[in-house]
Amino acid sequence: MPYRRLPNTDQARLRALHSALDMADHVGVESMLITPKMHLDTKMFTPLFEQVVNQYNDARDLQSDLSRQVDNASRLAKMYLSHYIQVFNMCVARGEIKKEMRQGWGLNLNEDSVPAIETVSQMLSWGKKVVDSEEKRGGNRIYNPSIAVVKVKLQQLSEVHNKHQDLLQTIQKHHAKVEEIRPKADALILELWNEVEKRLEPNTAEERREIAARYGVVYVYRPSEKKYGI
């Protein structure tokens with residue numbers, strides 16, 4: 001015997017609510033299998049629930065796009081910053097720039113390797129030290145890449161990273177709203193389905209399932225029932 005299964009995703013919840021409203025509109029107020037109060041409650045609640053869910057999903061979609069932008073900006077910032085540091089060290093090795101200039105970056109005078117710049121935080125932190133120090137430094141300038149270009153890449157990374165961080169906070173707020181309203185959706189759907197099935201009690205089991213399904217009620221067969229064709 002198939003059993004009733006309540007929706008377990010927000011999209012399934014919305015489908016159930018819309019199915020009930022569509023069926024009620026189709027058969028008319030006098031013939032619908034739910035009470036006028038249930039119809040009104042469902043009609044009032046559904047757009048509110050849908051708006052909250054859509055806001056959360058839209059923010060999640062935007063977050064995916066911003067994540068790609070952060071990854072791309074990080075790749076470019078790391079490449080330009082590491083290349084600049086490598087060229088700087090070569091200039092020091094050739095005696096074109098005094099190694100004491102490394103102190104402005106917070107490095108050991110004899111440190112000729114590229115510091116750890118794997119994370120966005122590391123890139124922005126080291127980048128600021130390098131840019132600030134180089135903009136104050138006189139003498140020979142580095143042009144491949146120039147510190148101006150490095151600064152632009154770091155600014156681009158900072159901007160998109162800040163947008164992403166702000167969006168993450170927005171997503172958390174939207175998620176909290178969904179978590180708050182979801183139990184109300186579940187309670188409404190449960191009550192709605194109970195009303196539909198109660199009105200169908202005089203019908204046969206097969207008729208009840210067929211008609212209730214038009215109102216969004218979902219019935220599923222157990223694995224053993226599928227196997228034996230029950």
Side-chain angles (χ1 to χ4, degrees), residues 1-70 161-230:
M1 191 73 173
Y3 65 95
R4 190 178 72 178
R5 183 172 67 188
L6 289 165
N8 56 12
T9 68
D10 292 327
Q11 292 307 315
R13 291 178 177 93
L14 285 170
R15 283 195 299 270
L17 293 168
H18 280 297
S19 293
L21 290 174
D22 291 344
M23 190 61 185
D25 291 341
H26 177 69
V27 301
V29 176
E30 294 182 355
S31 301
M32 63 185 182
L33 298 180
I34 56 177
T35 63
K37 180 181 183 305
M38 175 57 66
H39 181 246
L40 180 61
D41 289 346
T42 305
K43 198 169 185 177
M44 295 289 289
F45 176 81
T46 300
L48 175 62
F49 181 55
E50 189 165 29
Q51 180 184 37
V52 172
V53 171
N54 287 342
Q55 286 176 338
Y56 174 62
N57 289 336
D58 289 345
R60 288 285 301 274
D61 291 340
L62 182 57
Q63 191 245 347
S64 178
D65 179 60
L66 272 178
S67 292
R68 287 191 293 270
Q69 293 183 42
V70 171
H161 174 67
N162 289 337
K163 287 181 181 179
H164 187 252
Q165 293 301 112
D166 290 342
L167 181 60
L168 289 178
Q169 294 182 4
T170 300
I171 289 175
Q172 290 178 349
K173 292 178 182 178
H174 286 320
H175 182 260
K177 290 181 180 179
V178 173
E179 290 287 314
E180 179 182 359
I181 199 173
R182 188 180 287 143
K184 299 177 183 178
D186 289 338
L188 181 63
I189 292 170
L190 176 62
E191 186 178 355
L192 191 155
W193 286 11
N194 286 341
E195 282 195 5
V196 170
E197 290 189 326
K198 185 173 181 60
R199 290 286 297 275
L200 291 171
E201 283 180 351
N203 299 70
T204 65
E206 185 175 349
E207 288 174 340
R208 288 199 301 269
R209 291 194 298 271
E210 181 182 349
I211 298 173
R214 300 173 191 170
Y215 282 83
V217 183
V218 176
Y219 297 96
V220 296
Y221 286 89
R222 295 174 177 81
S224 60
E225 293 172 336
K226 290 183 179 179
K227 181 177 180 181
Y228 296 106
I230 298 176

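Throughout, numbering of the chain's residues begins at 1 and tracks the sequence. Here the structure is a predicted model, which is why all the values come from computation and not from measurement.
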With rounding to the nearest 0.5 Å, note down the distance linking CD1 in Ile171 to CG in Asp61. 9.5 Å
Just checking Arg4: does its CZ atom have more than 12 heavy atoms from other residues, nucleotides or ligands closer to it than 6.0 angstrom? yes
For the residue pair Pro36 and Met32, what are the closest heavy atoms and their distance? CA-CE, 3.8 Å
Could you report the tightest heavy-atom contact between Arg208 and Asn203, atom names first, then the distance? NH1-O, 2.7 Å
From CA spacing to verdict: side chain to side chain contact (heavy atoms under 4.5 Å, CB included), Glu195, Leu192: CA-CA 5 Å; Glu195 282 195 5; Leu192 191 155; 5.9 Å; no
So CD of Gln51 and NE2 of His174: to nearest 0.5 Å the spacing works out to 9.5 Å
Separation of His164 NE2 from Gln169 CD (nearest 0.5 Å): 11.5 Å
For Val218 and Trp193, which heavy atoms make the closest approach, and how far apart are they? N-CH2, 3.5 Å
Between Arg182 and Asp186, is there a side-chain N and carboxylate O pair less than 4.0 Å apart? no
Quick one: closest heavy-atom pair of Leu14 and Phe49, and the distance? CD2-CD2, 3.5 Å
If you round to the nearest 0.5 Å, how far is CG of Leu200 from CD of Glu210? 10.5 Å
Calculate, to the nearest 0.5 Å, the distance between atoms CD and OH belonging to Gln172 and Tyr56 respectively. 10.0 Å
What I want to check is whether the side chains of Arg60 and Ser64 have a donor and an acceptor closer together than 3.5 Å. no
Going by an N to O cut-off under 4.0 Å, is there a salt bridge joining Arg13 and Asp10? yes
In short, Pro7 meets Ile189 closest at the heavy-atom pair CG-CD1, 3.8 Å
Identify which one of Leu40, Thr42, Thr46, Leu48 satisfies the side chain to side chain contact (heavy atoms under 4.5 Å, CB included) criterion when paired with Met44. Leu40
Is any side-chain heavy atom of Glu180 less than 4.5 Å from a side-chain heavy atom of Val52? no
Please table the atom pairs, donor to acceptor, closer than 3.5 Å between any side-chain atom in residues 18-26 and protein atoms at least two apart or in another chain.
from, atom 1, to, atom 2, distance (Å)
His18, NE2, Glu50, OE1, 3.3
His18, NE2, Glu50, OE2, 3.4
Ser19, OG, Arg15, O, 2.8

So which atom in Glu197 and which in Val217 form the shortest heavy-atom distance, rounded to 0.1 Å? OE2-CG1, 4.2 Å
Could you state the interatomic distance from CE (Met38) to CZ (Phe45), rounded to the nearest 0.5 Å? 11.5 Å
Check Leu167, Thr170, Asp58 against Gln63 for a side chain to side chain contact (heavy atoms under 4.5 Å, CB included) and give me the one that passes. Leu167
